[in-house]
Amino acid sequence: MTQTVLITGGSRGIGRATARLLGARGWSVGVNYTQNLAAAQETVAEVERAGGRALPVAGDVANEADVIAMFDQTEQTFGRLDALVNNAGIVAPSMQLADMDLARLTRIFNVNVLGAYLCAREAARRMSTDRGGAGGVIVNVSSAAARLGSPNEYVDYAGAKGAVDTMTLGLAKELGPRGVRVNAVRPGLIDTEIHASGGKPDRAAQLGSTTPLGRPGRADEVAETIVWLLSDAASYVTGALIDVAGGR
Ligand code: NAP
């Protein structure tokens with residue numbers, strides 16, 4: 001039976017690598033994006049080349065109507081929903097908290113916290129066995145920042161990811177009896193475009209060399225852990241926060 005997943009922020013970076021790997025395992029993938037349709041279309045093509053089916057799904061995770069429509073579109077196209085990879089996330093330029101304005105704080109928490117909660121809520125509504133669902137899996141993409149705090153860079157983002165960790169712990173207990181496993185992956189310094197969006201395109205390369213493994217991670221190395229958590233090989237794993245951070 002073909003399994004179906006919605007990957008928020010599936011168009012680039014860690015989301016794209018996860019989509020590609022799931023395609024190779026035969027999954028059908030809803031590839032969510034907000035801005036970059038061309039990137040989403042390229043991800044869809046990569047999933048199809050790998051052997052899966054895929055669909056670009058537009059929507060901002062911080063917008064409730066968009067989130068509901070994203071889940072509807074994925075379920076209606078593929079006929080079922082087995083998993084959510086709650087991956088969409090943003091940073092903003094590095095600065096101290098004392099210099100952050102309200103607009104920045106609002107956007108960081110809206111996308112990284114409210115967006116993650118809205119998507120997890122929607123998945124819970126559709127997959128919980130006591131609500132007519134068939135069970136499923138949620139993987140939240142948090143960050144090592146949740147335990148490092150990201151001083152002088154983005155304590156806002158770090159705190160938002162702390163909320164994602166705490167949501168993972170609570171939701172795993174809430175949904176375990178209802179057929180849904182919930183885990184989080186906490187990447188470290190991974191070579192994606194997120195660092196350029198925070199104004200430091202070389203951040204992963206520069207700081208990656210200071211980690212115990214001596215290099216930044218690749219998106220496909222994070223994807224391997226996400227895909228394992230989605231699989232039956234992880235059937236007794238729930239409420240886990242798994243670092244994929246090269247020892248950082
Ligand atoms: P990325 O390369 O910047 O890609 C971000 C993805 O999220 C894109 O597909 C983007 O879509 C989408 N997105 C952004 N805002 C969105 C919104 N409001 N609604 C829906 N989609 C949205 O990022 P990444 O490095 O792969 O990061 C993925 C996740 O890993 C994030 O949660 C991030 O916090 C976490 N993480 C990354 C690192 C790292 O070093 N890279 C480390 C720790 C944690 P568009 O293409 O349309 O913009």
Side-chain angles (χ1 to χ4, degrees), residues 6-20 29-44 46 56-67 69-71 84-92 106-120 139-148 150 153-154 156-165 167-168 184-208 211 215-223 225-226 241-246 248:
L6 174 63
I7 305 179
T8 67
S11 56
R12 295 188 285 117
I14 292 167
R16 172 184 280 179
T18 304
R20 194 191 303 121
V29 185
V31 176
N32 162 246
Y33 68 100
T34 36
Q35 312 277 340
N36 193 336
L37 173 60
Q41 287 170 330
E42 170 55 26
T43 302
V44 166
E46 290 186 20
V57 182
D60 180 346
V61 295
N63 179 307
E64 184 179 31
D66 282 8
V67 169
M70 285 154 48
F71 277 82
L84 166 69
V85 179
N86 210 355
N87 165 76
I90 56 167
V91 296
T106 301
R107 187 69 187 151
I108 288 291
F109 284 102
N110 275 350
V111 173
N112 295 322
V113 182
L114 183 63
Y117 270 75
L118 282 175
C119 291
V139 177
N140 295 320
V141 181
S142 173
S143 173
R147 58 179 166 71
L148 296 169
S150 306
E153 288 196 302
Y154 20 68
D156 52 350
Y157 169 84
K161 292 301 190 180
V164 171
D165 282 2
M167 184 256 279
T168 303
V185 169
R186 298 196 295 194
L189 292 156
I190 309 300
D191 188 12
T192 72
E193 294 167 350
I194 201 171
H195 308 289
S197 67
K200 291 184 175 172
D202 299 330
R203 180 172 177 271
Q206 282 171 355
L207 291 177
T211 65
R215 63 171 178 84
R218 298 185 311 270
D220 63 276
E221 293 177 303
V222 182
T225 303
I226 295 172
L241 311 176
I242 300 185
D243 289 350
V244 185
R248 185 168 192 247

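In each ligand, atom 1 is the first atom listed, and ligand 1 is the first ligand listed. All residue numbers refer to positions in the sequence shown, counting from 1.
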**Message:** Using only atom types and a distance under 3.5 Å, with no angle test, would you say the side chain of N32 pairs donor to acceptor with the backbone of I7?
**Reply:**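 Not confirmed, N32 side chain does not pair with I7 backbone.
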**Prompt:** Counting N and O atoms only, with roles assigned by atom type, does the side chain of R16 sit under 3.5 Å from a partner on the main chain of S11, one being a donor and the other an acceptor?
**Reply:**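 Such a contact is found between R16 side chain and S11 backbone.
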**Asked** Any ion pair linking R186 and D165 (charged N to carboxylate O, less than 4.0 Å)?
**Response**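 The answer is yes: the pair qualifies as a salt bridge.
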**Request:** Look at E221 together with R215 and state whether they make a salt bridge at an N to O cut-off of under 4.0 Å.
**Result:**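 Yes, charged N to carboxylate O under 4.0 Å.
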Which atom pairs, nitrogen or oxygen on both sides, join ligand 1 and the protein at under 3.5 angstrom?
residue: ligand 1; atom: 9 (O); partner: G9; partner atom: O; Å: 3.3
residue: ligand 1; atom: 9 (O); partner: S11; partner atom: N; Å: 3.4
residue: ligand 1; atom: 9 (O); partner: S11; partner atom: OG; Å: 2.6
residue: ligand 1; atom: 9 (O); partner: R12; partner atom: N; Å: 3.3
residue: ligand 1; atom: 11 (O); partner: S11; partner atom: OG; Å: 3.4
residue: ligand 1; atom: 18 (N); partner: D60; partner atom: OD1; Å: 2.9
residue: ligand 1; atom: 19 (N); partner: V61; partner atom: N; Å: 3.0
residue: ligand 1; atom: 21 (N); partner: N32; partner atom: OD1; Å: 3.4
residue: ligand 1; atom: 25 (O); partner: T192; partner atom: OG1; Å: 2.5
residue: ligand 1; atom: 26 (O); partner: I14; partner atom: N; Å: 2.8
residue: ligand 1; atom: 32 (O); partner: N87; partner atom: O; Å: 2.7
residue: ligand 1; atom: 32 (O); partner: K161; partner atom: NZ; Å: 2.8
residue: ligand 1; atom: 34 (O); partner: Y157; partner atom: OH; Å: 2.6
residue: ligand 1; atom: 34 (O); partner: K161; partner atom: NZ; Å: 3.2
residue: ligand 1; atom: 40 (O); partner: G188; partner atom: O; Å: 3.2
residue: ligand 1; atom: 40 (O); partner: I190; partner atom: N; Å: 2.9
residue: ligand 1; atom: 40 (O); partner: I190; partner atom: O; Å: 3.2
residue: ligand 1; atom: 40 (O); partner: H195; partner atom: NE2; Å: 3.0
residue: ligand 1; atom: 41 (N); partner: I190; partner atom: O; Å: 3.3
residue: ligand 1; atom: 41 (N); partner: T192; partner atom: OG1; Å: 3.1
residue: ligand 1; atom: 46 (O); partner: S11; partner atom: OG; Å: 3.1
residue: ligand 1; atom: 46 (O); partner: R12; partner atom: NE; Å: 2.7
residue: ligand 1; atom: 46 (O); partner: R12; partner atom: NH2; Å: 3.4
residue: ligand 1; atom: 47 (O); partner: T34; partner atom: N; Å: 2.9
residue: ligand 1; atom: 47 (O); partner: T34; partner atom: OG1; Å: 3.4
residue: ligand 1; atom: 47 (O); partner: Q35; partner atom: N; Å: 2.6
residue: ligand 1; atom: 47 (O); partner: N36; partner atom: N; Å: 2.9
residue: ligand 1; atom: 48 (O); partner: R12; partner atom: NH2; Å: 3.0

**Request:** Would you indicate whether the side-chain heavy atoms of T43 and V29 approach each other to under 4.5 Å?
**Result:**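 When only atoms from C-beta onward are counted, T43 and V29 do not touch, as no gap falls below 4.5 Å.
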**Item:** Residues which pass ring pair (Phe, Tyr, Trp, His ring centres under 6.0 Å) with Y157, listed by chain and number, not counting sequence neighbours
**Value:**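 Expected list: Y154.
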